[in-house]
Amino acid sequence: MNYRSITYITGFIFLSACAGSGSLKNRGGSTARETSEINTSLGQEYLSRGQYEIALEKLKKATNADSSYAPAHTVLAVLYEQIGEQASAEKHYLRAVKLAPDNGDVNNNYGAFLCQSGRGGSAEKYFLTAIDDPFHRTPAVAFTNAGSCELQSGNLDKAERYLRQSLEYDAEFADALLAMAHVSVLKGENLSARAFLQRYESAGPGTAESLSLGIRIESRLQNEQGANEYLDQLLVRFPRSKQAEEIRGELR
């Protein structure tokens, strides 16, 4: 079973301008830093809409205007990661970390990249740095990423510790609840898994992943009706999902 690892942009904590580039005026009267901030914000917006080509244009403008502005590099790295250019993504993640070694968003996103790249052992220190940033507004995200990464590595006890710390910050954080449901299933704690999944479902609509997990949990609890209800939802709502294809293969 595959587990999600979260790349999460929480917004920008604007970093103080470095000497030099941040104080130079462009022809329109704005500073290089202001130009970079504006284009980074626009790039993030286009990225969130899936308009990758325009996002790339804006983010390149941002890094060209002020190459010392770390958020521009980290959002550009996220974009490169999403379009499959891993080497470029890592280059910009590393640049962002060098520029802002204590920034929570920068470290969280690079940690998520490392985890998704199969380097979970290297990711943990970046999640912990993100958590230690007193200005990081969503420590629950970094804790959840750390827990999800340990889950992928099979370190269930460590994963559970991080995920429970996430839920201490935000008891209804959906990604942490779903990851805890996965942990509980793998530990054979099926009633606990059901409870976490129900809390996840109360926070928003289910996904192919959560519905597939629901089938697994209810089957283990010998609740055939409940398992079939999850199965029907999965096949109707997500007929082309990987999870639906796997189920169809098992039913053949």
Does the distance from a Lys or Arg side-chain N to an Asp or Glu carboxylate O, for Glu245 and Lys242, drop under 4.0 Å? no

Does the gap between the ring centers of His92 and Tyr80 come in under 6.0 Å? yes

We want to know whether Glu124 and Tyr162 form a side-chain donor-acceptor pair, criterion being a heavy-atom distance below 3.5 angstrom. yes

Testing the 3.5 Å rule here: is there a donor-acceptor pair between the side chains of Asn145 and Asn108? yes

Is there a path of hydrophobic side-chain contacts, each under 4.5 Å between heavy atoms of I/L/V/M/F/W/Y residues, joining Ile247 to Val185? yes

So, His73 side chain and Ser67 main chain: donor-acceptor pair closer than 3.5 Å or not? yes

Please confirm whether the backbone N or O of Ala208 pairs with a side-chain atom of Ser212, one donor and one acceptor, at under 3.5 Å? no

More than 12 heavy atoms of other residues, nucleotides or ligands under 6.0 Å from NZ of Lys187: is that the case? yes

When rounded to the nearest 0.5 angstrom, what is the spacing between CD in Glu90 and CG in Leu94? 5.0 Å

Determine, for Arg220 against Glu189, whether the closest basic-nitrogen to carboxylate-oxygen distance falls under 4.0 angstrom. no

Between Glu160 and Arg164, does at least one N-O distance fall below 4.0 Å, as a salt bridge requires? yes

Taking the side chain as everything from C-beta on, heavy atoms only, tell me whether Gln116 gets closer than 4.5 Å to Ser148. no

Heavy atoms of Leu151 and Leu186 approach each other most closely as CD1-CD1, 3.7 Å

Any donor and acceptor pair, going by atom type alone, linking the side chain of Thr138 with main-chain N or O of Val141 inside 3.5 Å? no

Calculate, to the nearest 0.5 Å, the distance between atoms CG and OG belonging to Leu156 and Ser184 respectively. 9.5 Å

Apply side chain to side chain donor-acceptor pair (under 3.5 Å) to Glu224 and list each qualifying residue two or more places apart in sequence or on a separate chain. none

Run the side chain to side chain donor-acceptor pair (under 3.5 Å) test on Tyr52 and Gln82 for me, step by step, so that the C-alpha distance in whole Å, both residues' side-chain angles and the decisive distance to 0.1 Å come before the verdict. CA-CA 9 Å; Tyr52 296 145; Gln82 291 193 10; 3.0 Å; yes

Testing the basics here: between Val183 and Ala159, what is the closest heavy-atom pair and its distance to 0.1 Å? CG2-CB, 4.2 Å

Just checking, is any N or O donor in the side chain of Asp66 or Ser68 under 3.5 Å from an acceptor N or O on the other one? yes

Within a strict 4.5 Å, meaning less than it, do heavy atoms of the Arg237 and Pro205 side chains meet? yes

Can any side-chain N or O of Ser210 pair as donor or acceptor with the backbone N or O of Gly206 at less than 3.5 Å? no

Any donor-acceptor N/O pair, Ser48 side chain to Glu45 backbone, under 3.5 Å: yes

Grab the two heavy atoms, one from Thr35 and one from Ala65, that are nearest each other, plus how far apart they are. CG2-CB, 3.8 Å

CZ of Phe238: more than 12 outside heavy atoms within 6.0 angstrom? yes

Thr40 versus Ala62, closest heavy-atom pair with distance: OG1-CB, 3.3 Å

Gap separating the OG1 atom of Thr144 from the CZ atom of Phe127, nearest 0.5 angstrom: 10.0 Å

Can any side-chain N or O of Ser41 pair as donor or acceptor with the backbone N or O of Ile38 at less than 3.5 Å? no

Leu235 CG to Gln243 CD distance, which is reported to the nearest 0.5 Å: 11.5 Å

No-hydrogen, no-angle side-chain donor-acceptor test under 3.5 Å, Glu229 and Gln233: no

Heavy atoms, side chains only, cut-off 4.5 Å: are Ile217 and Leu213 in contact? yes

Would you find a donor on one side and an acceptor on the other, under 3.5 Å apart, between the side chain of Arg194 and the backbone of Ala181? no

Within a strict 4.5 Å, meaning less than it, do heavy atoms of the Leu114 and Tyr126 side chains meet? yes

Output the distance between atom CG (Asn223) and atom CG (Asn190), rounded to the nearest 0.5 Å. 12.0 Å

Classify the side-chain pair Tyr93/Glu81 by whether it contains a donor and acceptor separated by less than 3.5 Å. yes

Where is the tightest heavy-atom contact between Glu172 and Ser202, given as atom of each residue plus distance? OE1-OG, 4.3 Å

For residues Thr207 and Tyr200, determine if any side-chain heavy atom of one lies less than 4.5 Å from a side-chain heavy atom of the other. yes

Tyr46 ring centre to Arg49 NZ or CZ under 6.0 Å, with the angle to the axis within 45°? yes

Working to the nearest 0.5 Å, report the span between CD of Glu218 and CG of Leu221. 5.5 Å

Any donor-acceptor pair under 3.5 Å linking the side chain of Thr74 with the backbone of Ala70? no

Taking all non-hydrogen atoms of both residues into account, name the closest pair between Arg199 and Ala171 and its distance. NH2-O, 2.7 Å

Can any side-chain N or O of Asn107 pair as donor or acceptor with the backbone N or O of Ala130 at less than 3.5 Å? no

Within a strict 4.5 Å, meaning less than it, do heavy atoms of the Asp105 and His136 side chains meet? yes

Within the distance-only criterion (no hydrogens, no angle test), does the side chain of Asn103 pair as donor or acceptor with the backbone N or O of Val106 below 3.5 angstrom? yes

